[in-house]
Chemist: 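Below is the structure I would like to discuss, written out as structure tokens.
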Amino acid sequence: MMNQRYTNEELVVRLWDKEEVKDLMCRRCYYKQNDWRQRELDELWVRGAEYRASASLANNLGYFVGMDDIKTYYVDGIAGKRQVQLEMVRKTIPDAQYGNSVMNAHTYHTVMVELSGDGKTARYLAYDHGHQTDPQPDGTAKGYWTSGHILADLVKEDGVWKIWHIKSMHDLSIPAAPVPGAGGNPFGGPPPEEAGGEPKEGGPGGPPPQPDMGPDPYEDDYGTPTVAKPYIVKYAWNDLPKQMPNTYVPNETYDPKISYGPDGHPDPLRSWR
């Protein structure tokens, strides 16, 4: 028999647990998109002292560990950035409000949820595809399409799933180039046969010249992590099983060495072996 361990009732509970984990992470998407960051920490993250001390939020540079450090970076730091952006926007739009000219959305795709054998913890893996737009001093805005991964350890506290560790690993940004004109072909110019020649960048019928977009927009968001352990981007998606070991291996119970907290950070040289 394929199922010799769990009763049918236990299988239903485990299936429901996976759905609860998916719902929790979807809520996190919406909270972050709306900049409800303090609300996210209050409602979606761990509550018990033992978990709060070891909770972590990671980006490409490393891990913010403990809820106090997470709040300082994720809530207070971003709020400060938004205030600077607001003052910038008000130079050209005096009545601008908090968040004007800021747009971001990160949606999670191809979700995998691995429930531990004892049912007390879960691991979550998905692609993170979205966009980010930030205001510029001249009154314009700079936009990017972004791709990366979102990984999380979740724990069941008093019967409710909560976020314990999150890794938001940003792989690449693609500039959203301005499109001159409206209602024409996708690049804003006439078709090549009407323009009298082959399309070329910046020319009739071709894509607009690509602006110098400057540094990656996420560099400003990374902050200074509590535990500096960088994510090696250059090996990219084909190297996922090596960058994120044991993601696809079932676990009986929580093991910090294969977690998404700092103790489970993969060896950056693994790809060379």
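Fair warning: this is a prediction, and the values are worked out from it, not measured in the lab.
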Chemist: Restricting to pairs with a member in residues 71-80, which pass salt bridge (charged side-chain N to carboxylate O under 4.0 Å, His left out), not counting sequence neighbours?
Modeler: Lys71-Asp76
Chemist: Quick one: do Lys22 and Glu19 make a salt bridge, cutoff under 4.0 Å?
Modeler: yes
Chemist: Can you name the residues that form a side chain to side chain donor-acceptor pair (under 3.5 Å) with Thr224, not counting sequence neighbours?
Modeler: none
Chemist: Hey, does Val111 have a side-chain heavy atom less than 4.5 Å from the side chain of Tyr124?
Modeler: yes
Chemist: Starting from Tyr51, walk the hydrophobic network (Ile, Leu, Val, Met, Phe, Trp, Tyr; side-chain heavy atoms closer than 4.5 Å) and list everyone else you reach, by chain and number.
Modeler: Val46, Val155, Trp164, Tyr254
Chemist: Report, as yes or no, whether the 6.0 Å neighbourhood of atom CG on Asp68 holds more than 12 heavy atoms from other residues, nucleotides or ligands.
Modeler: no
Chemist: Taking only residues two or more places apart in sequence or in another chain, which ones pass side-chain contact (heavy atoms from CB on, under 4.5 Å) with Trp45?
Modeler: Glu40, Leu41, Ala55, Leu57, Met67, Ile70, Ile163, Ile166
Chemist: Name all residues meeting the side-chain contact (heavy atoms from CB on, under 4.5 Å) criterion together with Gln85; count only those two or more places apart in sequence or in a different chain, and write none if there are none.
Modeler: Lys81, Arg82, Val102, Asp134, Pro135
Chemist: Could you walk me through whether His265 and Tyr63 pass ring-ring contact (aromatic ring centres under 6.0 Å, His included), step by step?
Modeler: CA-CA 10 Å; His265 191 83; Tyr63 298 76; 5.6 Å; yes
Chemist: My understanding is that only residues two or more places apart in sequence, or in another chain, count here; which of them pass salt bridge (Lys or Arg N to Asp or Glu O under 4.0 Å) with Lys156?
Modeler: Asp17
Chemist: Can the positive tip of Arg14 be found less than 6.0 Å from the middle of the six-membered ring of Tyr6, inside 45° of the ring normal?
Modeler: yes
Chemist: How long is the straight-line distance from CD1 of Ile150 back to OG1 of Thr107, given to the nearest 0.5 Å?
Modeler: 11.5 Å
